[in-house]
Protein chains: 2
Amino acid sequence: MARTLLERADAIPLLGEAFRTWGFEGASLARITEKTGLGKGSLYNFFPGGKEEMAEAVLAEIDGWFETHVFTPLATAEPKAGITGMLAATGDYFRSGNRICLVGAFALDETRSRFAIAINSYFSRWINALAGALERRGHARPEATALAEDVVLAIQGALVLARATDDPALFQRTLARLAQRLG
Amino acid sequence: MARTLLERADAIPLLGEAFRTWGFEGASLARITEKTGLGKGSLYNFFPGGKEEMAEAVLAEIDGWFETHVFTPLATAEPKAGITGMLAATGDYFRSGNRICLVGAFALDETRSRFAIAINSYFSRWINALAGALERRGHARPEATALAEDVVLAIQGALVLARATDDPALFQRTLARLAQRLG
DNA sequence: TATTTATCGTACCGTTCGGTACAAATACTT
DNA sequence: AAGTATTTGTACCGAACGGTACGATAAATA
């Protein structure tokens, strides 16, 4: 009846948008259909496991993006460049404060129990990669870990507050302050 | 048939727990009934407006708690005491990192549009009250505002990360670091 | 104790939920 | 061009959804 408009891979960012907008529970198949332009037939063809498989695919894509653009640079590039790159990539990914962190959002309610491993891994790897870079810049182990936690947590908090107060600039201000703090 | 076990006011904290656990969309009347022990008859007797009125009541109660235990002390008490009190009250309220911030959680998805004013007001008043106290402690206006933002955002971020990594101690560590930073 | 008022359990409403089945249509292979 | 495999719209399913109606019960008032 209809053509192949979207590949499975093309659907994933749109699914991400749907989950970001409505949350896991609130993202009904009707809303997902609307957002992606894919009917149930296509959705269940691509994701036989239903909503849960859709969300898993979205989380895996996010994970891959951060692995490539944030975690790996932090671990392998020159520390200063890795950290600067992290802040820039983060600013881009979260659309300068106009986009929330889906992983963080999933963590807050019972959705967490479905995806606990992916959620935990995402944040742990982020903190560890940043702490490693900070150590290589000369921070002692405990301070490096504490500072890394502080930075990742500030990014998450800024996303919450930016959206809560409808003030995306708050996120950008926070990134600027972090850049200063990480010198 | 049954006795008057719960007043309307007694139901509100349980409703808060239900919304914290399941989110606004995920908190179905069946789950709310289970959590509160109140049947639909009672719930709609107390909250004729349904789920939306229940959530409004929960947000109003949270707002009142913070007004009493955080915002007012920050605005009226001696600044140092107000700030110390804020950190202690915050640690208590969020159960040392075992409880999320419902206002922040509501802010992340489309639930926000239903309660935008309450959500915005809660955070704005928190930041302003804290910035005021910091000014009275001698910080210049722009730094006071920036620091206040940083603190509130760190609390929110710590709650997200503590739950995401299943590590409530992260929240306590963060509060300790904030106490140091606010000297 | 009689009467009113508030509380509550249950049956039920129409709608939407996530998910399945399957035929029609398209894309790919030969 | 024919045949195979994949993609996709639609009809449909039972269950659960939020919400209403209302009689039964308990508490408060008289």
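Chain naming here is simple, since letters A, B, ... match the order of the sequence lines and numbering starts at 1 in each. Just so you know, these numbers use all the heavy atoms, side chains as well, and skip hydrogens, waters and symmetry mates. This structure is a prediction, so every number in the text was calculated from the model and none was measured.
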Once you round it to whole Å, what is the distance between [atom2] of [N] and [atom1] of [X]?
X	N	atom1	atom2	result
Ile32(B)	dG9(C)	CD1	P	15 Å
Phe24(A)	dC17(C)	CZ	P	14 Å
Arg114(A)	dG18(C)	CZ	P	11 Å
Leu38(A)	dT7(D)	CG	C1'	10 Å
Glu7(B)	dA26(D)	CD	C1'	14 Å
Arg31(B)	dC17(D)	CZ	P	7 Å
Asn45(A)	dG18(C)	CG	C1'	17 Å
Phe19(A)	dG18(C)	CZ	C1'	12 Å

Decide salt bridge (Lys or Arg N to Asp or Glu O under 4.0 Å) for Lys40(A) and Glu34(A); before the verdict, give the C-alpha distance in whole Å, the side-chain angles of both, and the deciding distance to 0.1 Å.
CA-CA 10 Å; Lys40(A) 289 189 181 189; Glu34(A) 195 184 347; over 6 Å; no
Can you find a side-chain donor-acceptor pair between Glu110(A) and Thr21(B) that sits under 3.5 Å?
no
Option among Phe115(B), Trp65(B), Phe106(B), Phe66(B) that satisfies the ring-ring contact (aromatic ring centres under 6.0 Å, His included) test with Tyr122(B):
Phe66(B)
Listing request: all salt bridge (charged side-chain N to carboxylate O under 4.0 Å, His left out) pairs with a residue in residues 80-97 of chain B, at least two apart in sequence or in separate chains.
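Not a single pair qualifies under salt bridge (charged side-chain N to carboxylate O under 4.0 Å, His left out).
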Ignoring the backbone of Phe46(B), work out which of dG9(D), dC17(C), dT7(C) is nearest its side chain.
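Nearest to the side-chain atoms of Phe46(B), counting from C-beta on, is dT7(C).
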Would you check if the side chain of Thr111(B) reaches a backbone N or O of Ala107(B) as a donor-acceptor pair within less than 3.5 Å?
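Flag not set: sc Thr111(B) to bb Ala107(B) has no pair under 3.5 Å.
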OP1, OP2 of dA16(D) versus side-chain N and O of Ser28(B): anything below 4.0 Å?
no
Kindly confirm or rule out a cation-pi arrangement of Arg114(B) over Phe24(B), judged by NZ or CZ under 6.0 Å from the six-membered ring centre and within 45° of its axis?
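Pair Arg114(B)/Phe24(B) does not count as cation-pi.
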Between protein and nucleotides 19-22 of chain C, what N or O pairs are separated by less than 3.5 Å?
from	atom 1	to	atom 2	distance (Å)
dG19(C)	OP2	Tyr44(A)	OH	2.5
dG19(C)	OP2	Lys51(A)	N	3.4
dG19(C)	O5'	Tyr44(A)	OH	3.1
dG19(C)	N7	Lys40(A)	NZ	3.1
dG19(C)	O6	Lys40(A)	NZ	2.2

